[in-house]
Every structure is written in structure tokens, then in C-alpha cells.
**Student:** 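Mind looking over this structure? Questions follow.
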Amino acid sequence: MIKRGDASLENPTNKAILQEAGNPTEPAKILEILINNASRVVIDKLQPLEELDARRREMIAKVEALQAERNNVNKEIGRRKAAKEPCEDLFAGMKEMGNQAKELEKQLEEIDQALNNMLLTIPNVPNATTPVGRDESANVEVRRFGTPRKFDFQVKDHVDLGANLGILDFDRAAKLTGTRFSVLTGPGARLERALINFMLDTHTQKHGYREILPPFIVNAESMKGTGQLPKFEQDLFKLQGFDYYLIPTAEVPVTNLYANEILKESDLTIAFTAYTPCFRSEAGSYGRDTRGLIRQHQFDKVELVKFCKPEDSYNELEKLLDNAEEILRLLGLPYRVVALSTGDLGFSAAKTYDIEVWLPSQNTFREISSCSNFEDFQARRAGIRYKGSDAKAKTAFVHTLNGSGLAVGRTWLAILENFQEEDGRVRIPEVLRPYMGGQEYLEPLNRPAPAKAAAEMTAAS
RNA sequence: GGAAAGGUGGCUGAGUUGGUCUAAGGCACACGCCUGGAAAGCGUGAGUGGGGGCAACUCCACCGCGGGUUCGAAUCCCGCCCUUUCCGCCA
């Protein structure tokens, strides 16, 4: 929060708050005290906001007074015209008033814009239950499922396994496009498709989500609604010649389905699931996870999205998280759940749980899902509200949530790694077999990997 | 890509010779009366955002978006966006 909001420790008010608490020196402690006193802490970014807000109100009062007077004269003109009385004497000053109002409106517009631009770069406020900390080292493990399997042979990673099985081809993907792309072939492609269908079927039939198949390209307004713009444009692929972007997650089109709408209170909670490919530029991740499928420019994901009443959102978050975990449990993949600390939290989220799957080749857990409650942060930006049926009911912002359920590519590679056999076969989890034509194993090829085979064929011809 | 028509409140739909439009009517909605209960009927209320006020309330803006003409624009002019239909192309 402090990292995200930039509160200076030199500020007198902030200093005083720390003094009351006995001037702690430990960064985590300082952070906690400042967060606990959030209503008093002076955050550098917020000061100009307050000034702008005051100027805005002042300007509104001026403009509206002028407009009110103009309206009154106008009404009188209308009245006299209807009564066929002379009214030319009232024309004087009207034009001037109009021009003045227009001038003031322009100034107000500028203030509004400055205010909005500032507001758009301010991150969400973490929920009180979010662990306080500087970075991911302060994340808190919530629970574990399953026991990582003990291998009595040398485990291979999914890149080697995929090559042996002849189902994963990075060389040709690089030829087609470039680095951080992949081609799945044969049973590998089918396994991806099986996972997508299995996840969608589980969420729609077992967990009560409604399936959505949205556009994979959205406009800038949608990106702004969910918080990707304006701050994170460098993470996105933008279409040349259009104000359109490739979606980095289904969260964007699905959450924005209800942008600028007022939902019926009785329709909440609304739960959607959607399969989409996701496109990310991965700017700034050079050198990280360069091997394999972990970090690709394009990957498949099944997403869960909810719209609910504010009082329900934390309960819904737990349910959503459990729905995502259920996929891993059904597949039999060991995982753990981690609550992100304030320092590791995304820009838009108030609370986030990551689900991390066990990867034998890395001997560690890696993120496979991220489940967040955005509270009303996205709803405010996208204008998603709800209202009760009672005539006196107030309109209010919904809370939005989403989570991966799950990242398909990472699930695919986790299956290869966790269920590999010494002979190179990979056991297919039982729940997936109906989607794989009853097949029990992915069988290795007895011939060279595809790229090499093609090269030999070309040489021979 | 070419041509035409059109965008008004939750929906429908009137309003386009500029002037009490402070946007009719209908449907749907909420509350009340009536009823054993409901329907029908009758009555009342009800859009969104913002400013001021403890509040009752009050003021401002909004007829796809932006600009222009005018004392005054839902209405006239220009640009853009979107929708529908027809033609062309295409999976």
C-alpha cells in the first residue's frame, strides 16, 4: 500500500503517527502501522487530488449559477413569445452569459480530466485481511493439497517430455512467430482441448457458472474498465491502426459485459466462466522462465468471473477459489494456496489468493491460478451497478471477482511432469480420459522429435 | 467496400415549420386502495450523474458521441460512432 501509494516518512503527519506507536524501525511494522491508520496517513499522490476536488466544486457552483439564470430568462422569453408579447429586451446579455458559461465549462472539463487521470493511476486499497508486507516474501501460505510424488528415477521437465512424446514443438513456433510461442501437436493438442472442456464442464455443470465465449479483441474503454489501461499499456498487444487490443485475460471482456449497466439486485450473484486465449507482451520479464510453456505470449485460460453484492464478495471469493482448486483436486495435482501480501498485490485487487501447482522438475510450487476480489474498484471504472426492485432502492456499485480456473498451459505441463513414468509415458488423469477417447497414457514416439524428423526428410528428398 | 434507413428514459413510442419539452402515451416496475387471496380496476410513486443542504428539499447536466448556428436546439448544420436492410466480398 505504501509502496503503491507513496507516503513519505518525512511528512509531519506520518511521522506523528509513527511516533505515537513508538517509532518502530522494522519496515513491515512501519507499514502495518501506517495501513492501520490509513484514514490519517498523508499519501503524496492524494494531496493534489484534494486541491483539485475543491477547485472543481467551486467551478461547478459558478457554472450552475450562470446556467440557472440563463434558463430563467429563457423561460420568460418562451412565455412572452407564446403570449405574443415583445421580448427583445431580454436578449441583451444572454449571449454573453452563454459564452461565459461555455468558458467556465471548458475550465471545469480540464479540472475533471486532470482529476480523472490522477484517479486512474491510483491502485485499489487492500482489504484488511490482506497480509501486510513489502513483497512476495510476506505472502502467507493458507493450505496445501496432496503430497508431491517421490520419484525413483530422474524426472524430466515438460520440455523434454513433450519432445519425447512428439507433442510439443518450440522450434517451428519460433519459425512461425518468434520466441515464447509454442505448437502443440497430436495428443498434445488434444490434451489442451480436453483440459479446456473438462474445466468448462466442471464449472458450468458442477459449480453453476454460465459459459461465455467473448471477443478476444477489445477496445481501450474495456481495458480501462478492468484496470489494464492506462497504466499497463506496455503489457498489452495493440492492433495497428485501431484502438483495439488483444485480451491479456478473459477477465477483460467478461467483466466489461455489464459496463455502464444497472443490474437487478435479484439477479446477483452472477457467475460466468469463459475459455479464451490470452495474449501478453511479457515486457520486463526478459530472461525469466524462458524455457518451456511457463511464460508464453499466447496461452489458453479458463476464467471465472463474478458480479455480486458487496456484502457477499468475500464469501464469493472463497467459493471461487474453491471452484478453481477443485480442478486440481479432480486432476490429482498437488498444490498450495497462498494469500498475497500488500506488496505483491496487483493494481486492481483488494485481496488475492494464488494457487500454486507442484512442479517436480523445479522442485517447487508455481502459480497456476490467481483469484481476486476487486471489491468496487473495477465496478467504479466500468460503471457496473445494481439496484433493488423497491422504488426507493439506491443504486450501488457491485463487487467484481475473478480467478483462473485454471491456466490451461500450466495445467498441461503440470500433468506431464507429475504423471510421468520412467519409460517416458505420461499417465492421463482419469477425469480427462473421457475427453481423450479413453486413452490412459500419452505414449512416447519411437522416432525423432518432429523438427528433427522433418529436417531429415528434407535432407533425404 | 457501395447504397439506404435509423439511434429519444428499464422496454416501446410520440415529438423534427427551433420557444413553458420541466420529454406525451403505452408496457413493465414499486407502494397503497379494493379482494378470502389474486387478476382487473383505481390512486400514488418512480431515470442517470453531479452541486448545495442535518433534512424536507433545491439547483445543474443528460434525447448515440463531439462540435457549430441562435437570445434559445431532442428539433437546423458539420464530423464521428453504432445498429438495421440491400448489394459486393468472405468462413
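Keep in mind the model is a prediction, meaning the values are calculated, not measured. We name chains A, B, ... by the order of the sequence lines, and we start the count at 1 in each one.
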**Student:** C1' atom, B/G9 versus B/G47: distance in rounded Å?
**Tutor:** 6 Å
**Student:** Between A/Asp201 and A/Lys206, is there a salt bridge with N-O shorter than 4.0 Å?
**Tutor:** no
**Student:** What interatomic distance, in whole Å, is found between P of B/U75 and the corresponding atom of B/U16?
**Tutor:** 12 Å
**Student:** To the nearest Å, give me how far apart CD (A/Glu261) and P (B/C11) are.
**Tutor:** 10 Å
**Student:** Between B/U48 atom C1' and A/Leu263 atom CG, what is the distance in whole Å?
**Tutor:** 15 Å
**Student:** Can A/Glu303 and A/Lys301 be counted as an ion pair, charged N to O under 4.0 angstrom?
**Tutor:** yes
**Student:** Can you give me the N/O atom pairs linking the protein to nucleotides 78-83 of chain B at distances under 3.5 Å, or say none if there are none?
**Tutor:**
none

**Student:** Tell me which one of A/Ile415, A/Leu331, A/Leu442 satisfies side-chain contact (heavy atoms from CB on, under 4.5 Å) with A/Ile428.
**Tutor:** A/Leu442
**Student:** Quantified in whole Å, what is the C1' atom distance between nucleotide B/C89 and nucleotide B/G49?
**Tutor:** 44 Å
**Student:** Distance alone, cut at 3.5 Å: any donor-acceptor contact between the side chains of A/Asn127 and A/Glu375?
**Tutor:** yes
**Student:** Say you pick atom C1' in B/G67 and the same atom in B/G26; how far apart are they, in whole Å?
**Tutor:** 36 Å
**Student:** With a cut-off of 6.0 Å (strictly less than), are more than 12 heavy atoms of other residues, nucleotides or ligands near CZ of A/Phe232?
**Tutor:** yes
**Student:** Quick one: which residue pairs count as a side chain to side chain donor-acceptor pair (under 3.5 Å) with a foot in residues 49-62 of chain A, not counting sequence neighbours?
**Tutor:** A/Asp53-A/Arg57, A/Arg56-A/Asp112
**Student:** For nucleotides B/G10 and B/C29, find the distance between their C1' atoms and express it as a whole number of Å.
**Tutor:** 9 Å
**Student:** Between the protein and nucleotides 50-59 of chain B, list every N/O to N/O distance that falls short of 3.5 Å.
**Tutor:**
unit_1: B/G50; atom_1: N2; unit_2: A/Glu64; atom_2: OE1; d: 3.2
unit_1: B/G50; atom_1: N2; unit_2: A/Glu64; atom_2: OE2; d: 3.2
unit_1: B/G52; atom_1: OP1; unit_2: A/Arg57; atom_2: NH1; d: 3.0
unit_1: B/G52; atom_1: OP2; unit_2: A/Arg57; atom_2: NH1; d: 3.1

**Student:** Report yes if a side-chain nitrogen or oxygen of A/Thr395 is closer than 4.0 Å to either non-bridging phosphate oxygen (OP1 or OP2) of B/G49; otherwise report no.
**Tutor:** yes
**Student:** Among all residues two or more places apart in sequence or in another chain, which pass the ring-ring contact (aromatic ring centres under 6.0 Å, His included) test with A/His207?
**Tutor:** A/His203
**Student:** Suppose you measure atom P in B/A74 against the same atom in B/G19; what distance do you get, rounded to whole Å?
**Tutor:** 9 Å
**Student:** For A/Glu109 and B/G67, what is the distance between atoms CD and C1' respectively, to the nearest whole Å?
**Tutor:** 13 Å
**Student:** Dot-bracket, RNA chain B: Watson-Crick or G-U, under 3.5 angstrom, [ ] crossing, | other strand?
**Tutor:** ((((((((.[[[..)...(.....]]].(((((.......))))).((((((....)))))).[[[[[..)....]]]]])))))))....
**Student:** Does atom CD of A/Glu221 have more than 12 heavy-atom neighbours from other groups under 6.0 Å away?
**Tutor:** no
**Student:** Which is more 5' along RNA chain B, the nucleotide nearest A/Lys102 or the one nearest A/Glu69? Just name the residue.
**Tutor:** A/Glu69
**Student:** Output the rounded distance in Å from CZ (A/Arg70) to C1' (B/A61).
**Tutor:** 12 Å
**Student:** Rounded to the nearest Å, what distance is computed from the CZ atom of residue A/Arg385 to the P atom of nucleotide B/G10?
**Tutor:** 10 Å
**Student:** Which whole number of Å gives the distance between the P atom of B/C80 and that of B/U85?
**Tutor:** 23 Å
**Student:** For atom CD of A/Glu76, is the number of surrounding heavy atoms from other residues, nucleotides or ligands below 6.0 Å larger than 12?
**Tutor:** yes
**Student:** For the residue pair A/Phe377 and A/His399, is the inter-centroid distance of their aromatic rings smaller than 6.0 Å?
**Tutor:** no
**Student:** Can you check whether A/Met94's main-chain N or O pairs, donor with acceptor, with A/Arg70's side chain at less than 3.5 Å?
**Tutor:** no
**Student:** Using 4.0 Å as the upper bound for N to carboxylate O, is an ion pair formed by A/Arg291 and A/Asp160?
**Tutor:** yes
**Student:** Looking only at side chains, do A/Tyr245 and A/Gln228 share a donor and an acceptor under 3.5 Å apart?
**Tutor:** no
**Student:** Say you pick atom C1' in B/U58 and the same atom in B/G68; how far apart are they, in whole Å?
**Tutor:** 33 Å
**Student:** Report the distance from atom SG of A/Cys371 to atom CG of A/Asp322, rounding to the nearest 0.5 Å.
**Tutor:** 10.0 Å
**Student:** Please report, rounded to the nearest Å, how far the P atom of B/G10 is from the CD atom of A/Glu265.
**Tutor:** 18 Å
**Student:** Without decimals, in angstroms, what is the distance between A/Tyr258 OH and B/U48 C1'?
**Tutor:** 20 Å
**Student:** Pull out every protein N or O sitting under 3.5 Å from an N or O of nucleotides 19-22 of chain B, one pair per line with the distance.
**Tutor:**
unit_1: B/G19; atom_1: N2; unit_2: A/Asn74; atom_2: OD1; d: 3.3

**Student:** In terms of side-chain geometry, is the basic nitrogen of A/Lys319 or A/Glu316 positioned less than 4.0 Å from the acidic oxygen of its partner?
**Tutor:** yes
**Student:** Find the distance A/Glu105:CD to B/G66:P and express it as a whole number of Å.
**Tutor:** 11 Å
